[in-house]
Amino acid sequence: MFLSISIAIMAFLLITFLYWKLTRNYAEKIYGKKQWKTWVSRTYYWHGVLYVSGGLTVLIIFLLKANNLLVF
């Protein structure tokens with residue numbers, strides 16, 4: 001049980017970090033430097049990052065469970 005929770009947390013953190021690294025500059029360019037400095041723009045950006053990371057984490061856990069690599 002503890003192992004599966006640890007795998008899920010690690011996958012979520014890794015996906016979040018990679019998605020942030022890949023999309024940060026693009027999002028800043030889209031919003032513009034002045035608008036990017038407001039908390040509203042960053043809040044919308046981080047909502048998207050967390051939704052994508054959560055969805056991909058659920059997908060990875062589901063695939064691991066379907067292939068019997070993760071048992072809980």
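All residue numbers refer to positions in the sequence shown, counting from 1. Predicted model only: the values in this text are computed from it and were never measured.
In this structure T38 satisfies the side-chain hydrogen bond (donor to acceptor under 3.5 Å, both in side chains) test together with S41, sequence neighbours excluded. Residues passing the ring-ring contact (aromatic ring centres under 6.0 Å, His included) test with Y45 are W36, sequence neighbours excluded.
Counting non-hydrogen atoms of other residues, nucleotides and ligands closer than 6.0 Å to NZ of K37 gives a total of 12 or fewer.
Taken together through direct or relayed side-chain contacts under 4.5 Å among Ile, Leu, Val, Met, Phe, Trp and Tyr, Y31 and V40 form part of one hydrophobic cluster. Hydrophobic clustering, with ILVMFWY side chains joined whenever heavy atoms are under 4.5 angstrom apart, groups I61 together with V52. Under the 4.5 Å side-chain heavy-atom criterion for grouping Ile, Leu, Val, Met, Phe, Trp and Tyr, F17 is not connected to M10 through any hydrophobic cluster. Linking Ile, Leu, Val, Met, Phe, Trp and Tyr whenever their side-chain heavy atoms come within less than 4.5 Å leaves L14 and V58 in two separate clusters.
R42 forms no cation-pi arrangement with W39, by the criterion of a distance under 6.0 Å to the ring centre and an angle within 45° of the ring axis.
With contacts defined as side-chain heavy-atom distances shorter than 4.5 Å, the pair F12/L50 qualifies.
The distance from the CG atom of L64 to the OG atom of S4 is 10.5 Å, given to the nearest 0.5 Å. From W46, atom CH2 reaches atom CH2 of W20 across 6.5 Å, with rounding to the nearest 0.5 Å. Atom-to-atom distance recorded for I60:CD1 and I7:CD1 is 11.0 Å, nearest 0.5 angstrom. Remark: L56 CG to L63 CG distance equals 10.5 Å, nearest 0.5 Å. To the nearest 0.5 angstrom, I15 atom CD1 is 3.5 Å from T57 atom OG1.
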